[in-house]
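All remarks here apply to the structure that follows.
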Amino acid sequence: MQGSITPEMIKEHNLTIKEYHQIVHLLGREPSITELGIISVMWSEHCSYKSSRIHLEKLPTQAPWVLQGPGENAGIIAVDDTWAVAFKMESHNHPSYIEPLQGAATGVGGILRDIFTMGARPIASMDSLRFGTLDKPRNRYILEWVVYGIAWYGNCIGVPTVAGETSFAPCYDGNPLVNVFNLGVVPRNRIFKARAAGVGNPVIYVGSKTGRDGIHGATMASEEFGEDSEEKKPNVQVGDPFTEKLLMEACLEAFQHDWILGIQDMGAAGLTCSTSEMASKGGVGIEIDLDKVPQREEDMTAYEIMLSESQERMLLVARKGTEDKVIEIFKKWGLDAVVIGRVTSDGLVRVHHHGEAVAQVPALCLTEDTPIYDRPQEEPPYLKEVQKLDIQTIPCPEDLGKALLELMASPNIASKEWIYRQYDHMVRINTLVLPGSDAAVIRIKGTGKAVALSSDCNPRYCYLDPLEGAKQAVAEAARNVACSGALPRAITNCLNFGNPEKPQVMWTFAKAVEGIAEACRVLETPVTGGNVSFYNETLGKGVYPTPTIGMVGILEDIKARVTQHFKRPGDLVVLLGENRGHIGGSEYLEKIHGKVAGSPPTADLEYEKGLHRLLVELTSQRLISSAHDTSDGGLAVALAECCLQEASFIGIQVKLQEEIRPDLLLFGEDQGRVLISLAPQNLQKVEELCQDKNVPCQVLGTVGGKDLTILWPTGRLSVSLRDLFEAWSTGLTRHIQG
């Protein structure tokens, strides 16, 4: 090896010697230090998906209603002939561990830019959060500041956070997961893409000034954490939601004119990513002069400017001759806007600084010609051991009412009001179903339609069986959306895993992708985009496989929406699906017996598809008053959740017929079950529709009273709603307070 690039420098840039030789081969020469930085960040796992790409190709991505699939800043599906929605989910895991407030806040800012870059106005956010156990002060600190960061950024910019999920497990002690989702509405004829076009057209930098924050942020997200994690705080970006608000409004105003040909967020890898991806997708080159880049710090090097991940910045290509008009709009909003380059015909990303060419790299070298690995896979040996579960060794609690109260107080099941009350979920007044139900429902103004959103994954299931666990994540997300009355239409995902260089991690990832692909094909919910987050490990300990699913459904009539809570005394409560008493991987097994063991319940995807369509039909015909998915904690927990609202309680007496061991009957997590309530006069029609869709149904009881009472052939359980509410409403806050 010759020249100025040493083996130590290659290692510092998280490249292998083999990858470095590949770089030399592609360039035909040794790279400069600036080029090494540019290529290394684009070849990072975070940007290149070099370990996951061959697996992601198995995912279904097309359907008549999909207007934009993977490959752009966000996916888009049609709402009607005029309107569409753009949506995506991404992770900000590593930054949120190092600096929880800014890590979470800039995660929100980044996903918002992905949406309005497409020409869409953001109207709803969700978050999917995983933390370590709350008995550790560090985990409580991370939880509090992550939630504050999400609230601060979203509330300031004026985009409601309307739904999400939060769970806790020891495996997240050193590596929380912060997955953020956003959805925006866009006219079908005004969709913008990240593609440069037109040789000679100006390349314009808009937004905030460039600083030294976030340099090598993408590289940091592509390696495990060690004992020096705290030293990486300079890699975490610093966000400003008020500037982002100005940037969003300026972009949306500029989109009203026929001036913008392509636009890209400066997210991971900053200027490097935006220039190379726009050039590559457009089949052109881009030439820029860094002396023209607005900078907030003195004496920044070309390396620092190109790799900075300072927030609230965009790069756009405008039609030649319109640049002054474009710049005028952004300056009106108080933002920097300057022509820093032009589109070229040679396919190169050329970078000049202080009159010298400091980088000249083929755009394809940074995007399409990155390494692709088919990494070794090995089934983890722990699976055979943890999947063993002898029910006979699990004692049935003597006091099942006490067990129910313990489950209701579990942080995984307890009310998340402490979290979502910090979010403004009503700004822009589109939110029709507030946080706390199976899915959020957001109005599409002027259409009479709405979108339903849900985020789901049971990491325990994926730990015990990544294939079935991933199927369940898709099925449950779709089921939750269907419970609101919306037809599940498409997903985005956030695939959180450990180190892909470990064959056992790679095996679990491949199986999870296989499960998602199968579920999406059967349920007809294609994947429109998403994010892979590898290296979620600290000191060699990885997180549970956590393939988070963000599901979007279309509700044809906003007046037909349904929530999970019982509404009227005298309504019948009907169970769709069957009770089998499956407790493998259940919350009951872990919370009450301290075991994460067994196999998760299997997903019958064809049945699920019929169930979802049944729910859509039941709501569209106004036959039901409520619908609630039965999942974590089983049937007893689901019944309790239907009874509890902030404003009032309403009880129920239920009689179960199955001769199953009581704890398995009450707390088993059999899938494909939904509790619905309805007026007695609608029962016959509901039963007919259930029979038509081959969905079992049984009347469980009648709404009314002040207690939750459950009878079964050999016993009964009765718990006051006051006690249930006390356990459920304070379960999380008691743990947060230590």
Side-chain angles (χ1 to χ4, degrees), residues 395-418 421 435-438 563-575 579 583 586-588 591-593 625-658 660-669 673-678 698-737:
C396 182
E398 292 185 8
D399 189 339
L400 291 168
K402 180 182 177 183
L404 174 57
L405 290 171
E406 287 185 42
L407 284 172
M408 295 297 289
S410 166
N412 288 340
I413 290 177
S415 169
K416 305 305 187 294
E417 184 188 2
W418 179 86
R421 72 183 296 186
S437 197
D438 286 53
T563 62
Q564 73 180 41
H565 304 105
F566 296 146
K567 306 295 189 301
R568 297 183 299 268
D571 272 1
L572 299 178
V573 175
V574 172
L575 176 68
N579 298 319
I583 65 164
S586 65
E587 183 75 15
Y588 164 73
K591 178 67 177 178
I592 305 301
H593 298 285
S625 306
S626 69
H628 183 33
D629 168 41
T630 302
S631 54
D632 293 357
L635 182 62
V637 166
L639 284 164
E641 290 171 337
C642 292
C643 294
L644 302 179
Q645 297 188 66
E646 294 178 22
S648 62
F649 310 146
I650 186 166
I652 185 175
Q653 179 169 306
V654 167
K655 187 172 184 180
L656 305 177
Q657 306 298 328
E658 295 88 350
I660 299 173
R661 209 176 91 172
D663 57 335
L664 310 189
L665 179 60
L666 295 175
F667 308 126
E669 294 182 3
R673 294 181 298 167
V674 172
L675 288 166
I676 60 174
S677 64
L678 53 127
Q698 59 173 309
V699 177
L700 299 185
T702 303
V703 175
K706 298 181 180 180
D707 302 318
L708 169 61
T709 301
I710 305 176
L711 309 174
W712 59 90
T714 59
R716 72 190 299 273
L717 172 154
S718 188
V719 184
S720 77
L721 298 184
R722 287 286 176 190
D723 290 344
L724 286 169
F725 183 78
E726 174 67 19
W728 175 75
S729 63
T730 63
L732 179 60
T733 52
R734 288 203 310 269
H735 284 85
I736 292 172
Q737 293 164 0

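In this chain, residues are counted from 1 in sequence order. For clarity, every value in this text was computed on a predicted model and none was experimentally measured.
- Smallest separation of non-hydrogen atoms from T702 and I652: O-CG1, 3.4 Å.
- Looking at E669, its side chain does come within 3.5 Å of a backbone N or O of G633 through a donor-acceptor pair.
- Looking at P435 and R421, their side chains never come closer than 4.5 Å, going by heavy atoms from C-beta outward.
- Scanning all heavy atoms of the two residues, the minimum distance from S625 to D571 falls at OG-OD2, 3.2 Å.
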Criterion side-chain contact (heavy atoms from CB on, under 4.5 Å) on L404 and L724, from CA distance to verdict: CA-CA 8 Å; L404 174 57; L724 286 169; 3.9 Å; yes
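- In this structure, K416 contributes its side chain and G436 its backbone to no donor-acceptor pair below 3.5 Å.
- The local environment of NZ in K567 is crowded, with over 12 non-hydrogen atoms from other residues, nucleotides or ligands closer than 6.0 Å.
- Closest approach of D629 and R673 over heavy atoms only: OD1-O, 3.6 Å.
- Across I413 and W728, no two heavy atoms sit closer than the pair O-NE1, 3.6 Å.
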side-chain contact (heavy atoms from CB on, under 4.5 Å) evaluation trace for F667 with L400: CA-CA 10 Å; F667 308 126; L400 291 168; 4.0 Å; yes
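- Residues W712 and N579 form no side-chain contact, since every pair of their non-hydrogen atoms from C-beta on lies 4.5 Å or further apart.
- At least one donor-acceptor pair under 3.5 Å links the side chain of S437 to the backbone N or O of Q564.
- L675 has its side chain within reach of L635: a pair of non-hydrogen atoms, C-beta onward, lies under 4.5 Å apart.
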Check against side-chain contact (heavy atoms from CB on, under 4.5 Å), Q657 and K655: CA-CA 7 Å; Q657 306 298 328; K655 187 172 184 180; 3.9 Å; yes
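- Side-chain contact between Y588 and H593 is present, with at least one heavy-atom pair separated by less than 4.5 Å.
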